[in-house]
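What follows is a short report on a single structure.
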Amino acid sequence: AAGSGRDEVRALRAVGLLGRTGDDALDTYHDRIREAVIAACPADVRRAGHRALALELTARGGDRELVAMQWRDAGDRVAAAHAAAIAAQDAVAARAFDRAAALWAIAADTADDPAIAEAHAIAAAEALTGAGQPRAAAAAFVQLAHQERAAGRLGGDRVGVDRPRIHGDRAGERGRRCAIEAIERQ
């Protein structure tokens, strides 16, 4: 049919820029082509594509981090936050704390409920301690404390300081101590 794109697909395949995967899906061989095609799609088409990918990846038990990114790009903040939190838990279990911190941050940024966002942000700071980044963890705890202070919620329990830890290593304690000292100096 005219305008179906079949001729264009054949032309791209003929010059080696497009192929097929095992399940008969099209695969671009160059990131710039993929990015250009995606950029040319209307926003609603891109979001629908990301949603379809998220659903398919979820149904197939696909990479949880990729699922989270697809939900985020589909514009479904609740699903993105949930999937990122699950992927972060997987990263913590694998002791991949840098990755966990990044995923918890995504979960915090996409959560609609402020209490859930705060819990995810605390988990991100905790993961930074596990990654051996006490200064970054302290900065994250200080930022959380400022947010709690601004909201009138900072009392005797400093954010993340008295709450259960994901893990109990020395880096976590250093990060917590740095945060406490930074808060007390202000």
Side-chain angles (χ1 to χ4, degrees), residues 1-128 130-131 133 136-137 139-140 143-144 147 160 166:
S4 69
R6 288 187 181 146
D7 291 338
E8 291 84 354
V9 168
R10 277 192 222 109
L12 289 170
R13 289 188 72 207
V15 295
L17 296 177
L18 192 64
R20 291 206 181 271
T21 64
D23 59 357
D24 207 33
L26 295 174
D27 186 32
T28 57
Y29 291 141
H30 199 290
D31 288 341
R32 291 168 117 183
I33 294 169
R34 181 180 303 118
E35 291 165 6
V37 169
I38 291 170
C41 291
D44 60 331
V45 172
R46 280 195 310 268
R47 283 190 302 274
H50 287 296
R51 178 178 168 70
L53 284 170
L55 291 168
E56 185 64 24
L57 286 166
T58 301
R60 292 180 184 221
D63 179 279
R64 291 177 176 177
E65 183 175 349
L66 185 56
V67 169
M69 300 309 103
Q70 295 305 319
W71 281 123
R72 182 197 62 200
D73 294 345
D76 190 329
R77 295 176 58 84
V78 172
H82 179 74
I86 291 171
Q89 290 169 351
D90 291 347
V92 167
R95 303 194 56 80
F97 296 116
D98 286 321
R99 196 73 224 123
L103 288 162
W104 282 122
I106 291 167
D109 289 344
T110 55
D112 282 343
D113 181 329
I116 292 172
E118 180 183 351
H120 292 333
I122 291 167
E126 289 288 342
L128 287 168
Q133 298 182 45
Q143 180 180 359
L144 285 161
Q147 291 168 355
I166 295 171

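No experiment lies behind these values; they were computed from the predicted model shown.
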Are any of the side-chain heavy atoms of [X] and [Y] separated by less than 4.5 Å?
X: Ile106; Y: Glu65; value: no
X: Leu55; Y: Trp71; value: yes
X: Val92; Y: Phe97; value: yes

Rounded to the nearest 0.5 Å, what's the gap from CD1 on Ile116 to CD on Glu118? Could you check?
->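 CD of Glu118 is found 11.5 Å from CD1 of Ile116.
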
[X] and [Y]: which non-hydrogen atoms are nearest, and at how many Å?
X: Ala68; Y: Ala84; result: CB-N, 3.5 Å
X: Leu103; Y: Ala88; result: CB-CB, 3.7 Å
X: Ala80; Y: Thr110; result: C-OG1, 3.8 Å
X: Ala127; Y: Ala101; result: CB-N, 3.6 Å
X: Gly62; Y: Val67; result: O-CG2, 4.3 Å
X: Ala108; Y: Ala121; result: CB-N, 3.7 Å

Scan residues 67-83 for pairs that pass salt bridge (Lys or Arg N to Asp or Glu O under 4.0 Å), counting only residues two or more places apart or in two chains.
-> Arg77-Asp112

Just jot down the salt bridge (Lys or Arg N to Asp or Glu O under 4.0 Å) partners of Asp113, sequence neighbours excluded, or say none.
->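 Applying salt bridge (Lys or Arg N to Asp or Glu O under 4.0 Å) to Asp113 gives none.
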
Restricting to pairs with a member in residues 48-59, which pass side chain to side chain donor-acceptor pair (under 3.5 Å), not counting sequence neighbours?
-> His50-Gln70, Glu56-Arg60

